**Student:** 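One structure coming up, written as structure tokens, with questions to follow.
Since the structure is predicted, the reported quantities are computational estimates derived from the model, not experimental observations.
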Amino acid sequence: RMFDQTLEYFLNQSQIKKRDAAEVKWSHAVNSRSRLTEALTGPTHMIEADIIMRGQDPKEPIMAHPPDTDSDITLKEWLERVKVHNKGIKLDFKSLEAVSPSVVLLDEVLVELNRPVWINADILSGPGGQARPLEPQAFFSAVRTLPTHTVLSLGWTTGWSAGTDNPGYSWAMVHVMEEICRTLKNPVTFPVRAGLLAQSFSQLTWLLEQSDR
């Protein structure tokens, strides 16, 4: 489910009419100036973007998705543009080295913001996952200064092969995730690959039932 505080924010802003996550409109991969302008001026409620460290000097957090190594917009510029609009944000970290410097920038902006902020990272290996996940404890250490109402969106690296039977999320995978999340103070959501839901329904239902966060 979408967190009550996220829905409450958009209800209070009169941007949605009922407490229903289906009412919330998303813009994904908002990793350029033009895409950001489009998202900020349109009906979008939540803006999702990817963060990496720039591949060359000056080294700083930028909005890009691997294999890209550069972008026409930095995280600092992105946040400065977003903060004058009543939009929620979801930041998807693709590298551990980008997290700490990004949190510094977020701390500066969040001082004056009450908007929904979701922080996303793949912290475990999942079904067919080839990419290296971010090390969980290092990630949590890097985001520990963010307010406890910040939503942590914690996922698995996954893969998908057309024309074959793709395995779902195993019991071992959800048990490890539950153990990792057990002591967290933040609200938590789990981004999962839609194509793996049917074969993982029991496991994911169990995971969601372990906490009301």
Side-chain angles (χ1 to χ4, degrees), residues 2 6 24-83 85 87-106 109-110 115-136 138-140 142-143 146 150-162 166 169 173 177 188-197:
M2 181 168 283
T6 298
V24 177
K25 298 181 177 67
W26 288 77
S27 288
H28 295 280
V30 183
N31 298 332
S32 67
R33 291 175 179 172
S34 61
R35 288 278 291 141
L36 183 57
T37 297
E38 181 182 330
L40 291 175
T41 56
T44 292
H45 301 107
M46 291 289 294
I47 303 176
E48 184 268 343
D50 305 292
I51 303 178
I52 62 171
M53 288 296 280
R54 177 177 274 131
Q56 59 273 345
D57 290 334
K59 291 274 192 178
E60 59 184 324
I62 60 170
M63 317 312 289
H65 189 292
D68 291 342
T69 60
D70 207 347
S71 173
D72 69 352
I73 188 167
T74 64
L75 173 60
K76 181 176 176 59
E77 180 186 346
W78 196 94
L79 290 173
E80 291 292 340
R81 290 187 59 187
V82 168
K83 77 175 185 178
H85 297 266
K87 309 281 189 181
I89 60 175
K90 179 181 179 182
L91 300 176
D92 188 355
F93 285 95
K94 299 302 184 185
S95 73
L96 189 59
E97 68 172 338
V99 181
S100 290
S102 298
V103 167
V104 171
L105 293 171
L106 276 168
V109 175
L110 287 175
R115 74 190 64 223
V117 176
W118 294 27
I119 302 296
N120 185 85
D122 290 336
I123 61 170
L124 294 173
S125 294
Q130 300 296 319
R132 178 182 296 181
L134 275 61
E135 200 285 315
F139 173 74
F140 295 140
V143 300
L146 292 175
T150 305
V151 176
L152 299 182
S153 175
L154 306 175
W156 298 260
T157 60
T158 61
W160 176 266
S161 299
N166 291 274
Y169 298 90
M173 291 173 188
M177 184 66 85
V188 176
T189 187
F190 303 108
V192 298
R193 185 180 283 266
L196 302 177
L197 282 175

**Student:** Rounded to the nearest 0.5 Å, what separates atom CD1 in Ile119 from atom OG1 in Thr189?
**Tutor:**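 The OG1 atom of Thr189 is 13.0 Å from CD1 of Ile119, to the nearest 0.5 Å.
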**Student:** Looking only at heavy atoms, which two atoms of Thr69 and Ile62 are closest? And how far apart?
**Tutor:**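 In terms of heavy atoms, the two residues are closest at O-CD1, 3.6 Å.
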**Student:** Specify whether Phe190 and Trp156 have parallel, tilted or perpendicular ring planes, treating 30° as the upper limit for parallel and 60° as the lower limit for perpendicular.
**Tutor:**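 It falls in the tilted class, 30° to 60°.
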**Student:** Can you tell me how far apart OG (Ser100) and CZ (Phe93) are? Round to the nearest 0.5 Å.
**Tutor:**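 Answer rounded to 0.5 Å: 9.0 Å.
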**Student:** If you count heavy atoms of other groups shown closer than 6.0 angstrom to NZ of Lys94, is the number above 12?
**Tutor:**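 Enclosed: over 12 neighbouring heavy atoms sit under 6.0 Å from NZ of Lys94.
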**Student:** For Met53 and Pro101, which heavy atoms make the closest approach, and how far apart are they?
**Tutor:**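 Looking at all heavy atoms of both residues, the closest pair is SD-CG, 4.0 Å.
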**Student:** So do the side chains of Lys76 and Glu80 get within less than 4.5 Å of each other, counting heavy atoms only?
**Tutor:**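 Result yes, sub-4.5 Å side-chain heavy-atom pair found.
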**Student:** Counting only N and O atoms by type, is there a donor-acceptor contact under 3.5 Å from the side chain of Asn166 to the main-chain atoms of Trp160?
**Tutor:**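 No: the side chain of Asn166 does not pair with the backbone of Trp160.
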**Student:** Considering only heavy atoms from C-beta outward, does the side chain of Leu91 approach that of Ser102 to under 4.5 Å?
**Tutor:**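 No. Closest side-chain heavy atoms not under 4.5 Å.
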**Student:** Using modelled atom types only, decide if a donor and an acceptor are shared between the side chain of Arg35 and the backbone of His28 within a distance under 3.5 Å.
**Tutor:**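 Answer holds: yes.
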**Student:** Closest heavy-atom contact between Arg33 and Arg81?
**Tutor:**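 Residues Arg33 and Arg81, closest heavy atoms: O-NH1, 3.6 Å.
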**Student:** Is there a side-chain contact between Thr150 and Val143 in this structure, where contact means two heavy atoms from C-beta onward sitting under 4.5 Å apart?
**Tutor:**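 Counting from C-beta outward, Thr150 and Val143 never come under 4.5 Å.
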**Student:** Looking only at non-hydrogen atoms, find the nearest pair between Ile52 and Ala64 and report the distance.
**Tutor:**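 Heavy atoms of Ile52 and Ala64 come nearest at CG2-O, 3.6 Å.
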**Student:** Would you say Leu105 and Thr74 make side-chain contact, with heavy atoms under 4.5 Å?
**Tutor:**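 Contact flag for Leu105/Thr74 side chains = no.
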**Student:** Test: side-chain hydrogen bond (donor to acceptor under 3.5 Å, both in side chains). Region: residues 48-57. Which pairs qualify, not counting sequence neighbours?
**Tutor:**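 Pairs touching residues 48-57 that pass the test: Asn31-Asp50, Arg54-Glu60, Arg54-Asp70, Gln56-Asp70.
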**Student:** Between Ala142 and Val99, what is the shortest heavy-atom contact and its length?
**Tutor:**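 So the minimum-distance heavy-atom pair works out to CB-CG1, 3.4 Å.
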**Student:** With rounding to the nearest 0.5 Å, note down the distance linking CG in Asn120 to CD1 in Ile89.
**Tutor:**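 These two atoms lie 12.5 Å from each other.
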**Student:** Taking all atoms of both residues into account, what is the closest heavy-atom pair of Leu124 and Pro136, and its distance?
**Tutor:**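 Here Leu124 and Pro136 meet closest at CD2-CG, 4.4 Å.
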**Student:** Give a yes or no answer on whether the side chain of Lys87 reaches the backbone of Thr44 with a donor-acceptor pair at less than 3.5 Å.
**Tutor:**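 Yes; at least one donor-acceptor contact below 3.5 Å.
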**Student:** What I'd like to find out is whether the side chain of Leu40 reaches to under 4.5 Å of the side chain of Ile47, using heavy atoms alone.
**Tutor:**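 Contact flag for Leu40/Ile47 side chains = yes.
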**Student:** Report yes if the side chains of Leu146 and Leu152 come closer than 4.5 Å at any heavy-atom pair, otherwise no.
**Tutor:**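 Leu146 vs Leu152: side chains apart.
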**Student:** How long is the span from the OH atom in Tyr169 to the OG1 atom in Thr158, to the nearest 0.5 Å?
**Tutor:**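 Here the interatomic distance stands at 5.0 Å.
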**Student:** State, yes or no, whether a side-chain contact exists between Glu38 and Val30 at a heavy-atom distance under 4.5 Å.
**Tutor:**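 Side-chain contact under 4.5 Å: no.
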**Student:** Could you tell me whether a side-chain N or O of Ser71 sits under 3.5 Å from a main-chain N or O of Met63, the two making a donor and an acceptor?
**Tutor:**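 At least one qualifying donor-acceptor pair exists.
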**Student:** For the residue pair Arg115 and Val117, establish whether any side-chain heavy-atom pair is separated by less than 4.5 Å.
**Tutor:**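 In contact.
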**Student:** Could you please spell out the steps behind the side chain to side chain contact (heavy atoms under 4.5 Å, CB included) verdict for Ile51 and Trp78?
**Tutor:** CA-CA 11 Å; Ile51 303 178; Trp78 196 94; over 6 Å; no
